[in-house]
Engineer: 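So that we are looking at the same thing, I have put the structure below in structure tokens.
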There are 2 protein chains.
Amino acid sequence: MLELEPLCFSSECPSRALFDQIADKWSMMVIAVLNEGPQRFNAIRRRLQGVTQKALTQCLRRLERNGLVAREVISLSPVAVQYHLTPLGHTLREPLQELHKWTLVKLPEVTAAREAFDSADGGKKRDRSLIQLRL
Amino acid sequence: MLELEPLCFSSECPSRALFDQIADKWSMMVIAVLNEGPQRFNAIRRRLQGVTQKALTQCLRRLERNGLVAREVISLSPVAVQYHLTPLGHTLREPLQELHKWTLVKLPEVTAAREAFDSADGGKKRDRSLIQLRL
DNA sequence: CAGAATCCCGGACGATACTG
DNA sequence: CAGTATCGTCCGGGATTCTG
């Protein structure tokens, strides 16, 4: 029942950096896809519409390096490569999915908040200054 | 008990973009800090060692725009500004904290995996090619 | 105190071409 | 097929300075 310790906010806390490494869009989606079973590179690529080959490669390498995904080369000709979740990777799936679920459920509320925010002081001094509203 | 629908992977799916907007290091930490109660700008700044003023401002604006955080100006002299979580922001706290907890618990395993990965093919062809190992 | 405005640079990213 | 290599672009982020 402890509230997660002092909840390290120090800049040396390594979990801070780790967080950035696992909590990104592509990692989440790759893990979700691989949760359905082992997949080959281009199979993953096809399911993640809009991902570039470079981004996917980097993402997979990072996941592999962090021990969340395993890569196995199947020596055919031409070569085939399969990726699958490790047990460790599996433990990450649920927390990530919770977050994804949140975005789906709360999207309407967020959208409403955005419209309120954007129109509220649309005429004031903060026209399009630092508030880069992309997305 | 549904497995989260078709789990939209399409590039038009708006929750994909939303995910990137809320699942970052600073947002997580700001929400964690504000969970302890309303805080002023510099108070937050002090607790989040290493954050720059610009990054924090941007983060707070984004959170405000998405309806997760509310900003209230207290007219003193000099001006004071308080930030606090909205009810919507509160609902995001738990999923984020789960993820943060994951990084704390699994950090040893991840670290081990990294060392294995980095040393395993340290001598092979993938020296320091595309696998940028920063962190 | 709580930011905004400016400047600047390294790095992220996409597009393209090449390889085993 | 599953990547790697290279290039050009762009922009997010830090440092600094200024303001109500």
Side-chain angles (χ1 to χ4, degrees), chain A residues 11 16-17 20-21 24-27 30 33-34 38-65 69-84 121 124-135, chain B residues 11 16-17 20-21 23-27 29-30 33-34 38-65 69-84 121 124-135:
Chain A
S11 43
R16 183 191 276 198
D20 268 353
Q21 238 175 73
D24 67 293
K25 188 178 50 186
W26 296 130
S27 293
V30 165
V33 166
L34 289 184
Q39 304 280 328
R40 297 176 47 170
F41 186 87
N42 278 338
I44 303 172
R45 183 158 164 45
R46 270 186 294 274
R47 299 215 42 191
L48 270 49
Q49 295 225 353
V51 71
T52 65
Q53 157 274 328
K54 187 176 178 180
L56 182 56
T57 300
Q58 284 175 336
C59 181
L60 284 169
R61 285 288 175 284
R62 193 180 40 217
L63 289 172
E64 187 192 357
R65 182 168 117 90
V69 157
R71 181 185 119 111
E72 59 183 309
V73 181
I74 303 165
S75 288
L76 309 168
S77 170
V79 179
V81 178
Q82 282 230 339
Y83 293 90
H84 63 90
D121 42 10
K124 299 187 181 176
K125 72 173 61 166
R126 30 167 74 175
D127 287 279
R128 63 201 62 75
S129 55
L130 187 52
I131 324 171
Q132 285 121 350
L133 310 161
R134 85 181 82 298
L135 163 102
Chain B
S11 43
R16 185 192 275 199
D20 268 353
Q21 239 176 71
D24 67 290
K25 188 178 51 186
W26 297 129
S27 293
M29 298 182 84
V30 165
V33 166
L34 289 184
Q39 303 280 329
R40 298 177 48 171
F41 186 87
N42 278 338
I44 303 173
R45 184 159 163 46
R46 270 186 294 273
R47 296 215 45 190
L48 270 50
Q49 295 226 351
V51 71
T52 64
Q53 164 270 327
K54 187 177 179 179
L56 182 56
T57 300
Q58 283 175 338
C59 180
L60 284 169
R61 283 290 174 282
R62 194 179 40 215
L63 290 171
E64 186 191 358
R65 182 168 118 88
V69 156
R71 182 185 119 112
E72 59 183 309
V73 181
I74 302 165
S75 288
L76 309 167
S77 171
V79 178
V81 178
Q82 281 230 340
Y83 292 90
H84 63 90
D121 42 11
K124 300 187 180 175
K125 72 173 61 167
R126 29 168 76 177
D127 287 280
R128 64 200 61 74
S129 56
L130 189 50
I131 323 171
Q132 286 120 349
L133 310 162
R134 84 184 81 298
L135 159 104

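Note on naming: letters A, B, ... go to the chains in the order of the sequence lines (proteins, then strands), and numbering restarts at 1 for each one. Atoms considered below: every heavy atom in the structure, side chains included; atoms not considered: hydrogens, waters and symmetry mates.
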Engineer: Give a yes/no answer on whether the side chain of A/Arg40 brings an N or O atom under 4.0 Å of OP1 or OP2 in D/dA2.
Structural biologist: yes
Engineer: Considering all heavy atoms of both residues, which atom of A/Gln49 and which atom of A/Trp26 are nearest to each other, and what is their separation?
Structural biologist: O-CH2, 4.3 Å
Engineer: Looking at every non-hydrogen atom in both residues, tell me the closest pair between A/Ile74 and A/Gln82 and how far apart they are.
Structural biologist: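 Closest approach of A/Ile74 to A/Gln82: CD1-CG, 3.6 Å.
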Engineer: Does A/Asp20 have any side-chain contact (heavy atoms from CB on, under 4.5 Å) partners at least two apart in sequence or in another chain, and if so, which?
Structural biologist: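 For A/Asp20 the side-chain contact (heavy atoms from CB on, under 4.5 Å) partners, ignoring immediate neighbours, are B/Lys25.
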Engineer: In whole angstrom, give the distance that lies between atom CZ of B/Arg71 and atom C1' of C/dA2.
Structural biologist: 8 Å
Engineer: Calculate the interatomic distance between A/Ile74 atom CD1 and D/dA2 atom P; express it in whole Å.
Structural biologist: 9 Å
Engineer: Taking CZ from A/Arg45 and P from D/dA2, how many angstroms apart are they, rounded to a whole number?
Structural biologist: 11 Å
Engineer: What closest approach, in Å, do A/Val33 and A/Gln39 show between heavy atoms, and which atom pair accounts for it?
Structural biologist: CG1-CG, 4.0 Å
Engineer: Find out whether A/Leu63 and A/Tyr83 are in side-chain contact, i.e. whether some heavy atom of one side chain is under 4.5 Å from a heavy atom of the other.
Structural biologist: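 Of all side-chain heavy-atom pairs linking A/Tyr83 with A/Leu63, none is under 4.5 Å.
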Engineer: Mark yes or no for whether B/Arg71, through its side chain, and B/Val81, through its backbone, hold a donor-acceptor pair below 3.5 Å.
Structural biologist: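 Side chain of B/Arg71 to backbone of B/Val81: no pair is present.
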Engineer: Taking the side chain of A/Phe41 as its heavy atoms from C-beta onward, which of D/dC1, D/dG3, C/dC1 lies nearest to it?
Structural biologist: D/dG3
Engineer: Tabulate atom names and distances for all N/O pairs under 3.5 angstrom spanning the protein and nucleotides 13-16 of chain C.
Structural biologist:
unit_1	atom_1	unit_2	atom_2	d
C/dG14	OP2	A/Thr52	OG1	3.0
C/dG14	O6	A/Lys54	NZ	2.6

Engineer: In this structure, how many angstroms lie between the P atom of C/dG11 and the CG atom of A/Asp20, rounded?
Structural biologist: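 Rounding to the nearest Å, CG of A/Asp20 and P of C/dG11 are 16 Å apart.
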Engineer: Given atom CD of A/Gln82 and atom P of D/dA2, what is their separation to the nearest angstrom?
Structural biologist: 9 Å
Engineer: When you get a sec, tell me which of D/dA2, D/dC1, C/dG3 is the closest nucleotide to the side chain of B/Thr57?
Structural biologist: C/dG3
Engineer: Is the shortest side-chain N/O distance from B/Tyr83 to OP1 or OP2 of C/dG3 below 4.0 Å?
Structural biologist: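 Yes, because at least one side-chain N or O of B/Tyr83 sits under 4.0 Å from OP1 or OP2 of C/dG3.
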Engineer: Shortest non-hydrogen contact from B/Ser27 to B/Gln21?
Structural biologist: OG-O, 4.0 Å
Engineer: Quick one: does B/Arg62's side chain get under 4.5 Å of B/Val30's, heavy atoms only?
Structural biologist: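 No; the side chains remain at least 4.5 Å from each other.
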Engineer: Could you state the CG-C1' distance from B/Leu60 to C/dA4, rounded to the nearest angstrom?
Structural biologist: 15 Å
Engineer: Starting from P on C/dA12, measure out to NZ on A/Lys25 and report it in whole angstrom.
Structural biologist: 15 Å
Engineer: Starting at atom CZ of A/Arg61, determine the distance to atom C1' of D/dT4, rounded to an integer number of angstrom.
Structural biologist: 10 Å
Engineer: So if I take the C1' atoms of five pairs at each end of the helix from C/dC1-D/dG20 to C/dG20-D/dC1 and get each local axis, what angle do the two axes make, rounded to 10 degrees?
Structural biologist: 50°
Engineer: So do B/Arg47 and B/Met29 actually touch side chain to side chain, heavy atoms under 4.5 Å?
Structural biologist: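 They are not in contact (no side-chain heavy atoms under 4.5 Å apart), so the answer is no.
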